[in-house]
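We count residues from 1, following the sequence as given. Atoms within a ligand are numbered from 1 in the order they appear, just like the ligands themselves.
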Amino acid sequence: MAIEFSLTPDQEAFRDAVRAFAQKEILPVVAEMDEREEFPERTVRRMQEEGYFGVPVPEEYGGLGLGKVGYCLLTEELARVDASHTAIVGAHTSLGTTPLLYYGTEEQKRRFLEPAARGQKLLAFSLTEPGSGSDSGALRTVAERDGDGWRLTGTKIYVTNGREADTVLVLAANDLKLGPNGGVTAFLVDKGTDGFRVGRCEKKMGLHGTSTAELILDHVRVGPDRVVGEVGRGFIVAMTALDVGRVSLGAGALGGMQAAAQEALSFAQNRTQFGLPISEYEAIQFKFADMAMLIHALRLLVYQAAAHQDRMGYVPKAWNRLERLVKTRESATVKCLGSEWASQVIDEALQIHGGLGYIRGTPVERAYRDARISEIFEGTNEIQRLVVARDLLSRGW
Ligand SMILES: Cc1cc2nc3c(=O)[nH]c(=O)nc-3n(C[C@H](O)[C@H](O)[C@H](O)COP(=O)(O)OP(=O)(O)OC[C@H]3O[C@@H](n4cnc5c(N)ncnc54)[C@H](O)[C@@H]3O)c2cc1C
(Lines give C-alpha, C1' and ligand atoms only; values in the text may rest on other atoms or scores of the structure.)
Protein backbone atom coordinates (compact mmCIF):
# COMPACT_ATOMS: atom_id res chain seq x y z
CA MET A 1 0.00 0.00 0.00
CA ALA A 2 1.44 3.40 -1.04
CA ILE A 3 1.05 6.02 1.66
CA GLU A 4 3.34 8.76 0.37
CA PHE A 5 1.25 11.65 -0.76
CA SER A 6 1.59 15.34 -1.58
CA LEU A 7 -0.42 17.77 -3.67
CA THR A 8 0.96 19.03 -6.99
CA PRO A 9 1.15 22.81 -7.57
CA ASP A 10 -1.86 22.47 -9.92
CA GLN A 11 -3.90 20.71 -7.26
CA GLU A 12 -2.98 23.36 -4.69
CA ALA A 13 -3.94 26.14 -7.11
CA PHE A 14 -7.27 24.42 -7.81
CA ARG A 15 -8.00 24.04 -4.08
CA ASP A 16 -7.25 27.73 -3.50
CA ALA A 17 -9.47 28.76 -6.41
CA VAL A 18 -12.40 26.67 -5.11
CA ARG A 19 -11.89 28.06 -1.61
CA ALA A 20 -12.05 31.63 -2.92
CA PHE A 21 -15.07 30.83 -5.10
CA ALA A 22 -16.99 29.24 -2.23
CA GLN A 23 -16.33 32.20 0.07
CA LYS A 24 -17.27 34.77 -2.54
CA GLU A 25 -20.19 33.12 -4.30
CA ILE A 26 -21.69 30.40 -2.11
CA LEU A 27 -21.33 31.72 1.44
CA PRO A 28 -23.58 34.77 0.88
CA VAL A 29 -26.55 32.64 -0.28
CA VAL A 30 -26.39 29.73 2.15
CA ALA A 31 -28.39 31.05 5.12
CA GLU A 32 -31.32 32.10 2.94
CA MET A 33 -31.18 28.89 0.90
CA ASP A 34 -31.36 26.87 4.12
CA GLU A 35 -34.23 28.91 5.52
CA ARG A 36 -36.28 28.85 2.30
CA GLU A 37 -35.39 25.25 1.48
CA GLU A 38 -34.65 26.17 -2.13
CA PHE A 39 -32.37 24.55 -4.69
CA PRO A 40 -29.58 27.12 -5.21
CA GLU A 41 -30.03 27.48 -8.96
CA ARG A 42 -27.81 30.50 -9.53
CA THR A 43 -24.78 29.18 -7.64
CA VAL A 44 -25.21 25.75 -9.20
CA ARG A 45 -25.07 27.44 -12.61
CA ARG A 46 -21.91 29.30 -11.52
CA MET A 47 -20.31 26.03 -10.36
CA GLN A 48 -21.21 24.49 -13.72
CA GLU A 49 -19.53 27.39 -15.51
CA GLU A 50 -16.40 26.86 -13.42
CA GLY A 51 -16.22 23.21 -14.48
CA TYR A 52 -16.97 21.92 -10.97
CA PHE A 53 -19.42 19.32 -12.27
CA GLY A 54 -16.70 17.46 -14.15
CA VAL A 55 -13.62 17.64 -11.94
CA PRO A 56 -12.51 13.97 -12.05
CA VAL A 57 -13.63 13.47 -15.67
CA PRO A 58 -10.74 13.45 -18.19
CA GLU A 59 -10.44 16.54 -20.39
CA GLU A 60 -11.16 14.49 -23.53
CA TYR A 61 -14.69 13.98 -22.13
CA GLY A 62 -15.27 17.59 -21.16
CA GLY A 63 -13.98 17.48 -17.58
CA LEU A 64 -11.15 19.21 -15.74
CA GLY A 65 -9.09 15.99 -15.59
CA LEU A 66 -8.09 16.46 -11.95
CA GLY A 67 -8.84 12.91 -10.84
CA LYS A 68 -10.30 11.79 -7.52
CA VAL A 69 -7.76 13.79 -5.56
CA GLY A 70 -8.86 16.97 -7.34
CA TYR A 71 -12.49 15.97 -6.84
CA CYS A 72 -11.94 15.47 -3.09
CA LEU A 73 -10.26 18.88 -2.90
CA LEU A 74 -13.35 20.37 -4.52
CA THR A 75 -15.66 18.51 -2.16
CA GLU A 76 -13.67 19.44 0.92
CA GLU A 77 -13.63 23.13 0.01
CA LEU A 78 -17.31 23.30 -0.92
CA ALA A 79 -18.24 21.50 2.29
CA ARG A 80 -16.38 24.06 4.39
CA VAL A 81 -19.05 26.48 3.24
CA ASP A 82 -22.15 24.40 2.52
CA ALA A 83 -23.20 20.75 2.56
CA SER A 84 -26.10 21.20 0.11
CA HIS A 85 -23.89 22.50 -2.71
CA THR A 86 -21.51 19.62 -1.95
CA ALA A 87 -24.31 17.03 -2.17
CA ILE A 88 -25.62 18.43 -5.45
CA VAL A 89 -22.17 18.18 -7.05
CA GLY A 90 -21.61 14.78 -5.41
CA ALA A 91 -24.81 13.13 -6.62
CA HIS A 92 -24.04 14.36 -10.13
CA THR A 93 -20.34 13.55 -10.18
CA SER A 94 -19.72 10.46 -8.04
CA LEU A 95 -22.98 8.75 -8.81
CA GLY A 96 -23.88 10.22 -12.21
CA THR A 97 -20.64 10.62 -14.16
CA THR A 98 -18.72 7.63 -12.71
CA PRO A 99 -20.99 4.98 -14.29
CA LEU A 100 -20.68 6.73 -17.67
CA LEU A 101 -16.92 7.17 -17.46
CA TYR A 102 -16.21 3.65 -16.19
CA TYR A 103 -18.85 1.63 -18.04
CA GLY A 104 -20.32 3.84 -20.78
CA THR A 105 -19.82 3.18 -24.49
CA GLU A 106 -17.87 5.77 -26.48
CA GLU A 107 -21.20 7.01 -27.85
CA GLN A 108 -22.67 7.37 -24.32
CA LYS A 109 -19.57 9.24 -23.21
CA ARG A 110 -19.97 11.75 -26.04
CA ARG A 111 -23.73 12.05 -25.68
CA PHE A 112 -24.20 12.02 -21.89
CA LEU A 113 -20.87 12.32 -20.09
CA GLU A 114 -19.46 15.28 -22.02
CA PRO A 115 -22.40 17.65 -21.49
CA ALA A 116 -22.66 16.52 -17.87
CA ALA A 117 -18.97 17.21 -17.23
CA ARG A 118 -19.19 20.57 -19.00
CA GLY A 119 -22.07 21.52 -16.70
CA GLN A 120 -24.69 21.62 -19.45
CA LYS A 121 -26.71 18.70 -18.02
CA LEU A 122 -27.40 17.68 -14.44
CA LEU A 123 -27.38 14.01 -13.42
CA ALA A 124 -28.91 11.97 -10.60
CA PHE A 125 -28.63 8.37 -9.41
CA SER A 126 -31.63 6.30 -8.44
CA LEU A 127 -31.18 3.00 -6.60
CA THR A 128 -33.32 3.29 -3.44
CA GLU A 129 -36.96 2.18 -3.35
CA PRO A 130 -39.62 2.10 -0.64
CA GLY A 131 -38.91 -1.59 0.02
CA SER A 132 -35.16 -1.64 -0.64
CA GLY A 133 -32.66 0.70 1.00
CA SER A 134 -29.72 -1.09 2.59
CA ASP A 135 -30.80 -4.26 0.82
CA SER A 136 -30.54 -2.43 -2.47
CA GLY A 137 -30.26 -5.59 -4.54
CA ALA A 138 -33.88 -6.39 -3.61
CA LEU A 139 -35.20 -3.55 -5.80
CA ARG A 140 -38.55 -4.08 -7.47
CA THR A 141 -38.53 -1.59 -10.34
CA VAL A 142 -38.71 -3.88 -13.35
CA ALA A 143 -37.18 -3.62 -16.78
CA GLU A 144 -39.08 -5.66 -19.34
CA ARG A 145 -37.91 -6.30 -22.85
CA ASP A 146 -39.80 -4.29 -25.47
CA GLY A 147 -38.53 -5.00 -28.97
CA ASP A 148 -34.86 -4.02 -29.03
CA GLY A 149 -35.34 -1.78 -25.97
CA TRP A 150 -36.91 -1.86 -22.52
CA ARG A 151 -39.92 -0.69 -20.51
CA LEU A 152 -39.24 0.41 -16.94
CA THR A 153 -41.93 0.36 -14.26
CA GLY A 154 -41.63 1.13 -10.56
CA THR A 155 -41.22 3.77 -7.89
CA LYS A 156 -37.92 5.15 -6.68
CA ILE A 157 -37.41 7.34 -3.61
CA TYR A 158 -34.92 9.73 -2.02
CA VAL A 159 -33.22 10.78 -5.25
CA THR A 160 -30.82 13.68 -4.73
CA ASN A 161 -31.16 16.10 -7.68
CA GLY A 162 -34.19 14.03 -8.73
CA ARG A 163 -36.37 17.10 -9.29
CA GLU A 164 -33.80 19.04 -11.32
CA ALA A 165 -31.83 16.35 -13.15
CA ASP A 166 -31.85 16.19 -16.95
CA THR A 167 -30.91 12.52 -16.90
CA VAL A 168 -31.20 9.91 -14.14
CA LEU A 169 -29.26 6.68 -13.86
CA VAL A 170 -32.00 4.24 -12.83
CA LEU A 171 -31.27 0.77 -11.49
CA ALA A 172 -33.97 -1.75 -12.43
CA ALA A 173 -34.46 -5.52 -12.33
CA ASN A 174 -34.20 -7.24 -15.68
CA ASP A 175 -34.60 -10.53 -13.80
CA LEU A 176 -36.16 -10.45 -10.33
CA LYS A 177 -35.08 -14.02 -9.59
CA LEU A 178 -31.39 -13.30 -10.13
CA GLY A 179 -31.42 -10.11 -8.05
CA PRO A 180 -28.06 -8.28 -7.75
CA ASN A 181 -26.13 -11.24 -9.19
CA GLY A 182 -27.03 -10.83 -12.83
CA GLY A 183 -30.57 -9.47 -12.53
CA VAL A 184 -30.07 -5.70 -12.20
CA THR A 185 -29.33 -3.29 -15.06
CA ALA A 186 -28.43 0.41 -15.14
CA PHE A 187 -30.47 2.63 -17.50
CA LEU A 188 -30.27 6.29 -18.47
CA VAL A 189 -33.68 7.97 -18.36
CA ASP A 190 -34.20 11.55 -19.54
CA LYS A 191 -36.49 14.08 -17.95
CA GLY A 192 -39.60 14.42 -20.13
CA THR A 193 -39.64 10.79 -21.30
CA ASP A 194 -43.24 9.51 -21.52
CA GLY A 195 -44.33 7.85 -18.26
CA PHE A 196 -41.45 9.30 -16.23
CA ARG A 197 -42.31 11.89 -13.59
CA VAL A 198 -41.17 13.43 -10.34
CA GLY A 199 -43.43 12.60 -7.38
CA ARG A 200 -43.18 13.88 -3.85
CA CYS A 201 -40.14 15.86 -2.67
CA GLU A 202 -39.22 15.29 0.98
CA LYS A 203 -38.93 17.90 3.70
CA LYS A 204 -35.71 17.22 5.57
CA MET A 205 -33.80 17.91 8.76
CA GLY A 206 -30.87 19.33 6.77
CA LEU A 207 -29.45 19.62 3.24
CA HIS A 208 -32.20 22.12 2.58
CA GLY A 209 -30.75 23.18 -0.76
CA THR A 210 -31.09 19.70 -2.25
CA SER A 211 -34.14 17.97 -3.64
CA THR A 212 -34.84 14.46 -2.34
CA ALA A 213 -37.36 13.22 -4.83
CA GLU A 214 -39.62 10.32 -5.55
CA LEU A 215 -39.45 9.22 -9.18
CA ILE A 216 -42.28 7.36 -10.82
CA LEU A 217 -41.71 5.17 -13.85
CA ASP A 218 -44.83 3.98 -15.61
CA HIS A 219 -43.87 1.76 -18.55
CA VAL A 220 -41.09 4.15 -19.54
CA ARG A 221 -39.69 3.11 -22.88
CA VAL A 222 -35.91 3.34 -23.35
CA GLY A 223 -33.81 2.18 -26.28
CA PRO A 224 -30.90 -0.29 -26.09
CA ASP A 225 -28.49 2.67 -26.23
CA ARG A 226 -29.66 3.60 -22.70
CA VAL A 227 -28.15 0.58 -20.97
CA VAL A 228 -24.96 1.48 -19.07
CA GLY A 229 -22.59 -1.49 -18.83
CA GLU A 230 -23.84 -4.96 -19.52
CA VAL A 231 -27.42 -6.14 -19.07
CA GLY A 232 -27.61 -7.80 -15.66
CA ARG A 233 -24.40 -6.16 -14.41
CA GLY A 234 -25.93 -2.92 -13.15
CA PHE A 235 -25.36 -3.68 -9.49
CA ILE A 236 -21.59 -3.61 -10.07
CA VAL A 237 -21.99 -0.29 -11.91
CA ALA A 238 -23.85 1.12 -8.89
CA MET A 239 -21.38 -0.22 -6.33
CA THR A 240 -18.41 1.15 -8.29
CA ALA A 241 -20.02 4.58 -8.30
CA LEU A 242 -20.67 4.30 -4.56
CA ASP A 243 -16.99 3.52 -3.93
CA VAL A 244 -16.16 6.88 -5.50
CA GLY A 245 -19.01 8.56 -3.64
CA ARG A 246 -17.94 7.25 -0.26
CA VAL A 247 -14.45 8.71 -0.54
CA SER A 248 -15.76 12.10 -1.63
CA LEU A 249 -18.32 11.91 1.18
CA GLY A 250 -15.33 11.59 3.52
CA ALA A 251 -13.81 14.68 1.91
CA GLY A 252 -17.08 16.52 2.50
CA ALA A 253 -17.05 15.39 6.13
CA LEU A 254 -13.51 16.73 6.41
CA GLY A 255 -14.51 20.14 5.04
CA GLY A 256 -17.61 20.35 7.24
CA MET A 257 -15.80 19.43 10.44
CA GLN A 258 -12.91 21.80 9.79
CA ALA A 259 -15.25 24.72 9.24
CA ALA A 260 -17.18 23.94 12.43
CA ALA A 261 -13.96 23.51 14.43
CA GLN A 262 -12.62 26.85 13.17
CA GLU A 263 -15.92 28.56 13.91
CA ALA A 264 -15.83 27.16 17.46
CA LEU A 265 -12.20 28.22 17.94
CA SER A 266 -12.90 31.81 16.92
CA PHE A 267 -15.92 31.80 19.21
CA ALA A 268 -13.98 30.33 22.16
CA GLN A 269 -11.21 32.91 21.84
CA ASN A 270 -13.74 35.72 22.01
CA ARG A 271 -16.31 34.44 24.50
CA THR A 272 -15.40 35.43 28.05
CA GLN A 273 -16.83 33.63 31.08
CA PHE A 274 -15.47 33.72 34.64
CA GLY A 275 -13.10 36.49 33.51
CA LEU A 276 -11.27 34.56 30.80
CA PRO A 277 -11.85 33.60 27.16
CA ILE A 278 -13.30 30.08 27.36
CA SER A 279 -10.43 28.86 25.11
CA GLU A 280 -8.21 29.26 28.20
CA TYR A 281 -9.98 26.43 29.99
CA GLU A 282 -8.46 22.98 29.61
CA ALA A 283 -11.87 21.33 29.29
CA ILE A 284 -12.38 23.38 26.12
CA GLN A 285 -8.79 23.00 24.89
CA PHE A 286 -9.08 19.21 25.05
CA LYS A 287 -12.10 19.38 22.77
CA PHE A 288 -10.00 21.27 20.22
CA ALA A 289 -7.15 18.79 20.61
CA ASP A 290 -9.53 15.92 19.83
CA MET A 291 -10.89 17.83 16.83
CA ALA A 292 -7.39 18.48 15.49
CA MET A 293 -6.47 14.80 15.81
CA LEU A 294 -9.59 13.62 13.98
CA ILE A 295 -9.14 16.19 11.21
CA HIS A 296 -5.53 15.11 10.73
CA ALA A 297 -6.46 11.42 10.64
CA LEU A 298 -9.35 11.91 8.22
CA ARG A 299 -7.23 13.99 5.85
CA LEU A 300 -4.77 11.10 5.55
CA LEU A 301 -7.55 8.55 5.02
CA VAL A 302 -9.39 10.57 2.37
CA TYR A 303 -6.43 11.49 0.20
CA GLN A 304 -4.78 8.09 0.48
CA ALA A 305 -8.00 6.45 -0.76
CA ALA A 306 -8.51 9.07 -3.50
CA ALA A 307 -4.91 8.70 -4.72
CA HIS A 308 -5.37 4.93 -4.79
CA GLN A 309 -8.47 5.29 -6.99
CA ASP A 310 -6.52 7.61 -9.29
CA ARG A 311 -3.74 5.06 -9.63
CA MET A 312 -6.31 2.38 -10.53
CA GLY A 313 -7.69 4.47 -13.41
CA TYR A 314 -11.18 4.17 -14.83
CA VAL A 315 -11.11 0.94 -16.82
CA PRO A 316 -12.67 -1.66 -14.49
CA LYS A 317 -11.58 -4.55 -16.74
CA ALA A 318 -7.96 -3.62 -15.97
CA TRP A 319 -8.38 -3.99 -12.20
CA ASN A 320 -7.35 -7.14 -10.39
CA ARG A 321 -9.43 -8.68 -7.62
CA LEU A 322 -7.19 -7.51 -4.79
CA GLU A 323 -7.26 -3.89 -6.00
CA ARG A 324 -11.05 -3.97 -6.12
CA LEU A 325 -11.34 -5.39 -2.62
CA VAL A 326 -8.88 -2.88 -1.16
CA LYS A 327 -10.66 0.00 -2.89
CA THR A 328 -14.06 -1.04 -1.54
CA ARG A 329 -12.75 -1.49 2.00
CA GLU A 330 -10.96 1.86 1.91
CA SER A 331 -14.09 3.61 0.65
CA ALA A 332 -16.24 2.07 3.38
CA THR A 333 -13.66 3.02 6.02
CA VAL A 334 -13.42 6.63 4.86
CA LYS A 335 -17.20 7.00 4.64
CA CYS A 336 -17.93 5.45 8.01
CA LEU A 337 -15.19 7.11 10.06
CA GLY A 338 -15.46 10.42 8.21
CA SER A 339 -19.18 10.79 8.79
CA GLU A 340 -18.96 9.78 12.46
CA TRP A 341 -15.97 12.00 13.17
CA ALA A 342 -17.70 14.91 11.45
CA SER A 343 -20.81 14.42 13.59
CA GLN A 344 -18.62 14.22 16.71
CA VAL A 345 -16.58 17.33 15.89
CA ILE A 346 -19.62 19.37 14.85
CA ASP A 347 -21.46 18.31 18.00
CA GLU A 348 -18.54 19.51 20.15
CA ALA A 349 -18.29 22.72 18.10
CA LEU A 350 -21.97 23.33 18.85
CA GLN A 351 -21.39 22.61 22.56
CA ILE A 352 -18.59 25.18 22.66
CA HIS A 353 -21.04 27.77 21.33
CA GLY A 354 -23.30 27.17 24.34
CA GLY A 355 -26.89 28.33 23.83
CA LEU A 356 -25.93 30.21 20.68
CA GLY A 357 -25.14 26.90 19.00
CA TYR A 358 -28.76 25.88 19.32
CA ILE A 359 -30.14 29.06 17.79
CA ARG A 360 -31.56 28.67 14.28
CA GLY A 361 -29.36 30.23 11.61
CA THR A 362 -25.94 30.01 13.24
CA PRO A 363 -23.51 28.19 10.92
CA VAL A 364 -22.81 25.49 13.49
CA GLU A 365 -26.52 24.80 13.96
CA ARG A 366 -26.93 24.31 10.21
CA ALA A 367 -23.77 22.19 10.05
CA TYR A 368 -25.15 19.95 12.83
CA ARG A 369 -28.37 19.32 10.88
CA ASP A 370 -26.56 18.88 7.58
CA ALA A 371 -23.93 16.46 8.89
CA ARG A 372 -26.23 13.75 10.23
CA ILE A 373 -27.26 12.36 6.85
CA SER A 374 -23.69 11.33 6.03
CA GLU A 375 -24.01 8.46 8.51
CA ILE A 376 -27.03 7.25 6.52
CA PHE A 377 -26.83 7.87 2.78
CA GLU A 378 -24.54 6.20 0.26
CA GLY A 379 -24.98 3.12 2.46
CA THR A 380 -25.57 3.41 6.21
CA ASN A 381 -22.61 3.08 8.54
CA GLU A 382 -23.92 -0.31 9.68
CA ILE A 383 -23.57 -1.43 6.06
CA GLN A 384 -20.07 0.04 5.82
CA ARG A 385 -19.10 -1.99 8.89
CA LEU A 386 -20.54 -5.11 7.23
CA VAL A 387 -18.41 -4.39 4.13
CA VAL A 388 -15.25 -4.01 6.22
CA ALA A 389 -16.04 -7.03 8.41
CA ARG A 390 -16.73 -9.32 5.44
CA ASP A 391 -13.48 -8.32 3.76
CA LEU A 392 -11.62 -8.73 7.02
CA LEU A 393 -12.99 -12.22 7.55
CA SER A 394 -12.09 -13.31 4.03
CA ARG A 395 -8.78 -11.52 3.53
CA GLY A 396 -7.55 -10.70 7.01
CA TRP A 397 -6.35 -7.36 8.33
C1 LIG B 1 -31.31 13.07 1.99
C2 LIG B 1 -31.17 11.74 1.33
C3 LIG B 1 -30.59 11.66 0.07
C4 LIG B 1 -30.47 10.42 -0.58
N5 LIG B 1 -30.00 10.37 -1.88
C6 LIG B 1 -30.09 9.21 -2.56
C7 LIG B 1 -29.81 9.17 -3.98
O8 LIG B 1 -29.43 10.17 -4.58
N9 LIG B 1 -30.00 8.00 -4.64
C10 LIG B 1 -30.42 6.85 -4.01
O11 LIG B 1 -30.56 5.82 -4.67
N12 LIG B 1 -30.66 6.85 -2.66
C13 LIG B 1 -30.53 7.99 -1.93
N14 LIG B 1 -30.82 8.01 -0.59
C15 LIG B 1 -31.21 6.78 0.08
C16 LIG B 1 -30.19 6.28 1.11
O17 LIG B 1 -29.05 5.79 0.47
C18 LIG B 1 -30.90 5.24 1.99
O19 LIG B 1 -31.81 5.93 2.82
C20 LIG B 1 -29.94 4.41 2.84
O21 LIG B 1 -29.15 3.58 2.03
C22 LIG B 1 -30.65 3.58 3.89
O23 LIG B 1 -31.75 2.89 3.38
P24 LIG B 1 -33.16 2.97 4.14
O25 LIG B 1 -33.46 4.40 4.38
O26 LIG B 1 -34.13 2.18 3.39
O27 LIG B 1 -32.89 2.31 5.55
P28 LIG B 1 -32.97 0.73 5.89
O29 LIG B 1 -32.18 -0.03 4.91
O30 LIG B 1 -34.39 0.34 6.09
O31 LIG B 1 -32.21 0.68 7.28
C32 LIG B 1 -32.82 0.98 8.54
C33 LIG B 1 -31.78 0.70 9.63
O34 LIG B 1 -31.47 -0.70 9.63
C35 LIG B 1 -30.06 -0.88 9.49
N36 LIG B 1 -29.80 -2.12 8.77
C37 LIG B 1 -30.35 -2.52 7.59
N38 LIG B 1 -29.85 -3.70 7.24
C39 LIG B 1 -28.96 -4.07 8.20
C40 LIG B 1 -28.10 -5.18 8.40
N41 LIG B 1 -28.02 -6.18 7.51
N42 LIG B 1 -27.32 -5.21 9.50
C43 LIG B 1 -27.35 -4.19 10.39
N44 LIG B 1 -28.14 -3.11 10.26
C45 LIG B 1 -28.93 -3.04 9.17
C46 LIG B 1 -29.60 0.35 8.75
O47 LIG B 1 -28.21 0.57 8.91
C48 LIG B 1 -30.45 1.43 9.39
O49 LIG B 1 -29.90 1.84 10.60
C50 LIG B 1 -30.92 9.24 0.07
C51 LIG B 1 -31.48 9.33 1.37
C52 LIG B 1 -31.63 10.54 1.97
C53 LIG B 1 -32.29 10.59 3.33
Side-chain angles (χ1 to χ4, degrees), residues 34 37 39 79 82-99 116 122-141 152 154-173 180 184-189 198-217 228 234-235 237-246 248-249 252-253 256 331-332 335-336 339-340 343 366 369-390 393:
D34 179 57
E37 306 196 18
F39 183 81
D82 180 48
S84 288
H85 284 76
T86 312
I88 293 164
V89 175
H92 167 98
T93 311
S94 308
L95 306 181
T97 65
T98 303
L122 186 67
L123 303 178
F125 169 91
S126 182
L127 175 63
T128 306
E129 298 183 3
S132 58
S134 300
D135 186 10
S136 51
L139 52 78
R140 283 290 172 270
T141 294
L152 310 185
T155 300
K156 295 286 187 179
I157 56 167
Y158 297 163
V159 184
T160 304
N161 295 343
R163 187 179 53 201
E164 299 81 14
D166 298 287
T167 303
V168 183
L169 188 96
V170 174
L171 281 302
V184 174
T185 303
F187 297 92
L188 295 163
V189 183
V198 176
R200 157 199 173 96
C201 288
E202 305 294 345
K203 284 252 180 205
K204 306 188 292 293
M205 173 181 180
L207 289 192
H208 284 175
T210 68
S211 63
T212 303
E214 179 187 43
L215 297 178
I216 294 149
L217 299 112
V228 179
F235 201 68
V237 173
M239 294 305 123
T240 307
L242 284 165
D243 275 354
V244 173
R246 288 168 185 167
S248 74
L249 187 149
S331 312
K335 192 276 180 187
C336 187
S339 58
E340 289 176 8
S343 291
R366 187 178 62 248
R369 286 185 283 110
D370 283 345
R372 188 61 179 83
I373 185 60
S374 292
E375 295 179 50
I376 298 169
F377 66 7
E378 302 214 12
T380 65
N381 284 6
E382 286 78 10
I383 297 303
Q384 306 313 309
R385 287 189 163 89
L386 279 182
V387 169
V388 172
R390 278 178 192 153
L393 290 170

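For E164, the side chain to side chain donor-acceptor pair (under 3.5 Å) partners are S211, not counting sequence neighbours. E382 meets the salt bridge (Lys or Arg N to Asp or Glu O under 4.0 Å) test with no other residue; sequence neighbours excluded. Under the rule for a salt bridge (Lys or Arg N to Asp or Glu O under 4.0 Å), R163 has no partner lying at least two apart in sequence or in another chain.
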Write 'none' if nothing qualifies; otherwise put on separate lines each N/O atom of ligand 1 with a protein N/O atom under 3.5 Å away and their distance to 0.1 Å.
unit_1, atom_1, unit_2, atom_2, d
ligand 1, 5 (N), Y158, O, 2.9
ligand 1, 5 (N), T160, OG1, 2.8
ligand 1, 8 (O), T160, N, 3.0
ligand 1, 8 (O), T160, OG1, 3.3
ligand 1, 9 (N), F125, O, 2.8
ligand 1, 11 (O), L127, N, 2.8
ligand 1, 11 (O), T128, N, 2.9
ligand 1, 11 (O), T128, OG1, 3.2
ligand 1, 12 (N), T128, OG1, 2.7
ligand 1, 14 (N), Y158, O, 3.4
ligand 1, 29 (O), S134, N, 2.8
ligand 1, 29 (O), S134, OG, 2.6
ligand 1, 47 (O), T380, OG1, 2.6
ligand 1, 47 (O), E382, OE1, 2.8

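Dense packing is recorded around CZ of F377, with more than 12 heavy atoms of other residues, nucleotides or ligands lying under 6.0 Å away.
Using a distance-only test at 3.5 Å, with no hydrogens or angles considered, a donor-acceptor pair links the side chain of R246 to the main chain of E378. Between the K156 side chain and the G162 main chain, no donor and acceptor come within less than 3.5 Å of each other.
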